[in-house]
There are 2 protein chains.
Amino acid sequence: MNELKKDNTEEKILNAAQTVFIKKGLDGSRMQEIADHAGINKALLHYYFRTKQKLFEAIFKKVFKHVFPKIEMLVLSDLPIEEKLGTFIEKYIDVLLKNPYLPAFILKEMNRDPVFLASVMKSQGVHPEHILKMFEKEMEAGTISKMDPRDLMVNVLGFCIFPFAAKPLLNIMFFENDKKAYNNFLKKRKETVKKFILNSILIR
Amino acid sequence: MNELKKDNTEEKILNAAQTVFIKKGLDGSRMQEIADHAGINKALLHYYFRTKQKLFEAIFKKVFKHVFPKIEMLVLSDLPIEEKLGTFIEKYIDVLLKNPYLPAFILKEMNRDPVFLASVMKSQGVHPEHILKMFEKEMEAGTISKMDPRDLMVNVLGFCIFPFAAKPLLNIMFFENDKKAYNNFLKKRKETVKKFILNSILIR
DNA sequence: GTCTATATGGCGATAGAC
DNA sequence: GTCTATCGCCATATAGAC
């Protein structure tokens with residue numbers, strides 16, 4: 001019974017903290033607000049996570065894997081590069097559509113503690129080397145144009161992430177603050193990005 | 001004498017505030033820290049700007065124009081689209097190279113107050129419509145491939161801004177935290193972005 | 001495990017002398 | 001205009017009852 005309660009409460013706290021932290025960041029969030037969201041009181045937060053910082057780090061870790069998902073399987077598969085990239089872009093934008101505030105959150109908090117950031121990245125099993133090597137092999141094989149593979153990677157990520165990260169600005173600039181229109185735009189992005197990227201690198 | 005002093009102090013405050021706010025954001029910054037940077041005391045900050053919020057807004061406005069520079073002249077010129085876009089990308093990345101922390105700062109603070117953001121944008125004389133129309137005309141004329149001009153705009157901005165905004169992350173992922181290597185990468189981006197964008201949209 | 005009450009410190013803002 | 005001193009609040013964190 002106690003354990004069940006514990007699990008329930010911990011989960012409630014994590015969910016509440018995620019909501020609040022993602023919206024307001026570490027500095028902008030109040031323990032009281034998180035407690036309210038979770039339907040408990042402040043003291044319990046400290047009972048479970050000791051400090052605000054530790055609670056925040058738990059959330060950051062929990063959330064980070066969505067922004068840099070594990071794509072080992074896809075990278076190591078023997079699908080043609082066209083499909084690998086296309087699938088990645090599709091799945092990735094799908095994740096962002098479901099979690100549209102993650103990019104802004106991660107970008108916002110990224111600068112706070114580079115050491116912590118590095119540790120999170122390692123623990124998440126992101127292996128950029130594999131991806132870079134994959135691109136290099138394709139370039140050697142002549143299936144895609146030659147370029148710095150890091151540029152290609154940054155380009156793909158930027159295409160996917162930027163429109164979510166800069167949402168408020170772009171929404172005002174290009175959509176007169178019409179949120180529905182902007183969401184439609186984001187949905188269509190899957191196809192747009194695929195086309196744009198593949199058209200410019202595939203050698204046929 | 002008094003006026004000279006005033007100007008001097010106000011400038012010192014603005015410079016100090018810019019340094020601190022850009023690094024730590026509104027919530028993360030302390031009036032004390034800004035005062036220290038400016039070589040004055042807290043009380044004087046309030047004498048000049050009354051509240052932290054007002055000081056912050058002054059900085060945000062001051063800084064915003066760098067991130068969305070006035071490009072009317074370029075847009076309205078009769079240069080070929082290839083040169084317009086090429087020049088924009090070059091100049092823009094140059095600005096970001098000189099102010100590498102701006103993208104993260106703007107993205108970080110963008111969500112706080114959408115109304116204020118909108119007012120800043122209007123006051124800065126950014127006219128997205130002109131840019132979109134320019135693209136549309138080029139598409140009709142058959143000089144660039146047909147697509148949603150807003151996608152094209154987001155793509156260009158994302159290519160330029162994202163590598164600066166996500167610097168800490170990308171630096172760890174692809175450059176083993178070697179800052180010099182990353183800065184070289186950013187410098188080369190001017191050419192890379194131009195090539196990538198122009199190659200994929202120009203019809204020859 | 002969960003609560004109420006409280007300690008503790010920090011920060012924005014102001015008062016008032018010079 | 002600039003400073004020192006201080007107010008008043010609010011946020012994190014803890015003590016201690018249940």
Side-chain angles (χ1 to χ4, degrees), chain A residues 1-63 105 108-109 111-113 116, chain B residues 1-63 105 108-109 111-113 116:
Chain A
M1 172 67 179
N2 273 358
E3 278 197 11
L4 229 158
K5 258 192 186 170
K6 191 192 168 215
D7 284 356
N8 253 332
T9 306
E10 193 164 335
E11 221 171 296
K12 275 195 289 183
I13 291 177
L14 286 171
N15 288 334
Q18 180 166 337
T19 308
V20 177
F21 278 139
I22 283 184
K23 196 165 172 190
K24 311 205 172 177
L26 172 58
D27 292 329
S29 300
R30 301 290 152 240
M31 293 298 264
Q32 185 60 59
E33 194 180 351
I34 295 173
D36 292 345
H37 256 82
I40 55 166
N41 67 345
K42 274 191 305 182
L44 257 194
L45 293 182
H46 289 96
Y47 175 78
Y48 277 90
F49 290 91
R50 278 229 357 256
T51 68
K52 184 187 181 184
Q53 181 71 33
K54 285 187 197 302
L55 176 55
F56 175 80
E57 292 184 0
I59 298 299
F60 191 90
K61 274 186 198 163
K62 183 188 165 198
V63 142
F105 171 70
K108 195 190 300 192
E109 305 299 335
N111 288 281
R112 184 177 318 282
D113 185 349
F116 175 65
Chain B
M1 170 68 178
N2 272 358
E3 279 197 11
L4 229 158
K5 256 191 187 172
K6 191 192 167 215
D7 284 356
N8 253 332
T9 306
E10 193 164 333
E11 219 171 297
K12 274 194 292 184
I13 292 177
L14 285 171
N15 287 335
Q18 180 166 337
T19 308
V20 177
F21 277 140
I22 284 184
K23 196 165 172 190
K24 311 203 172 178
L26 172 58
D27 292 330
S29 299
R30 301 291 152 240
M31 293 298 264
Q32 185 61 58
E33 194 179 352
I34 295 173
D36 293 345
H37 256 81
I40 54 165
N41 66 343
K42 267 194 310 181
L44 215 43
L45 293 182
H46 288 96
Y47 175 78
Y48 278 89
F49 290 90
R50 278 229 359 253
T51 68
K52 185 186 182 186
Q53 180 73 31
K54 285 187 196 303
L55 176 55
F56 175 80
E57 291 184 0
I59 298 299
F60 191 90
K61 274 185 197 163
K62 183 187 165 198
V63 141
F105 171 69
K108 196 190 298 194
E109 304 298 336
N111 288 282
R112 183 179 317 284
D113 185 349
F116 175 64

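Within every chain, numbering begins at 1; the chains are lettered A, B, ... in the order of the sequence lines, protein sequences first and strands thereafter.
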Below 4.0 angstrom, N of the basic side chain to O of the carboxylate: do Arg112(A) and Asp27(A) qualify?
yes

Nearest-angstrom distance from the residue atom [atom1] of [X] to [atom2] of [N]:
{"X": "Gln32(B)", "N": "dG9(C)", "atom1": "CD", "atom2": "P", "answer": "18 Å"}
{"X": "Asp36(A)", "N": "dT12(D)", "atom1": "CG", "atom2": "P", "answer": "12 Å"}
{"X": "Leu26(B)", "N": "dG12(C)", "atom1": "CG", "atom2": "C1'", "answer": "12 Å"}
{"X": "Phe49(A)", "N": "dT12(D)", "atom1": "CZ", "atom2": "P", "answer": "15 Å"}
{"X": "Leu55(B)", "N": "dA13(C)", "atom1": "CG", "atom2": "P", "answer": "10 Å"}
{"X": "Arg50(B)", "N": "dG1(D)", "atom1": "CZ", "atom2": "C1'", "answer": "18 Å"}
{"X": "Leu45(B)", "N": "dG1(D)", "atom1": "CG", "atom2": "P", "answer": "14 Å"}
{"X": "Lys52(B)", "N": "dG10(C)", "atom1": "NZ", "atom2": "C1'", "answer": "12 Å"}

Look at the side chain of [X] and decide which nucleotide, out of [options], has an atom nearest to it.
{"X": "Lys42(B)", "options": "dG12(C), dT12(D), dC3(D)", "value": "dG12(C)"}
{"X": "Arg30(B)", "options": "dC11(C), dA11(D), dA13(D)", "value": "dC11(C)"}
{"X": "Tyr47(B)", "options": "dG1(D), dA13(C), dC3(D)", "value": "dG1(D)"}
{"X": "His46(B)", "options": "dG1(C), dT14(C), dT2(D)", "value": "dT14(C)"}
{"X": "Ala43(A)", "options": "dT14(D), dT2(C), dT2(D)", "value": "dT14(D)"}
{"X": "Leu44(B)", "options": "dT12(D), dC3(C), dC3(D)", "value": "dC3(D)"}
{"X": "Thr9(A)", "options": "dT2(D), dT12(D), dT2(C)", "value": "dT2(C)"}

Heavy atoms from other residues, nucleotides or ligands near NZ of Lys62(B) exceed 12 (cutoff 6.0 Å)
yes

Any Asn41(A) side-chain nitrogen or oxygen under 4.0 Å from OP1 or OP2 of dT2(C)
no

Check: Gln32(A)/Asp36(A) side-chain N/O donor and acceptor closer than 3.5 Å:
yes

Looking only at heavy atoms, the pair that brings Lys108(B) and Lys23(B) closest together is NZ-O, 3.6 Å

Please work out which of the three classes, parallel, tilted or perpendicular, describes the rings of Phe56(A) and Phe21(A), given edges at 30° and 60°.
perpendicular

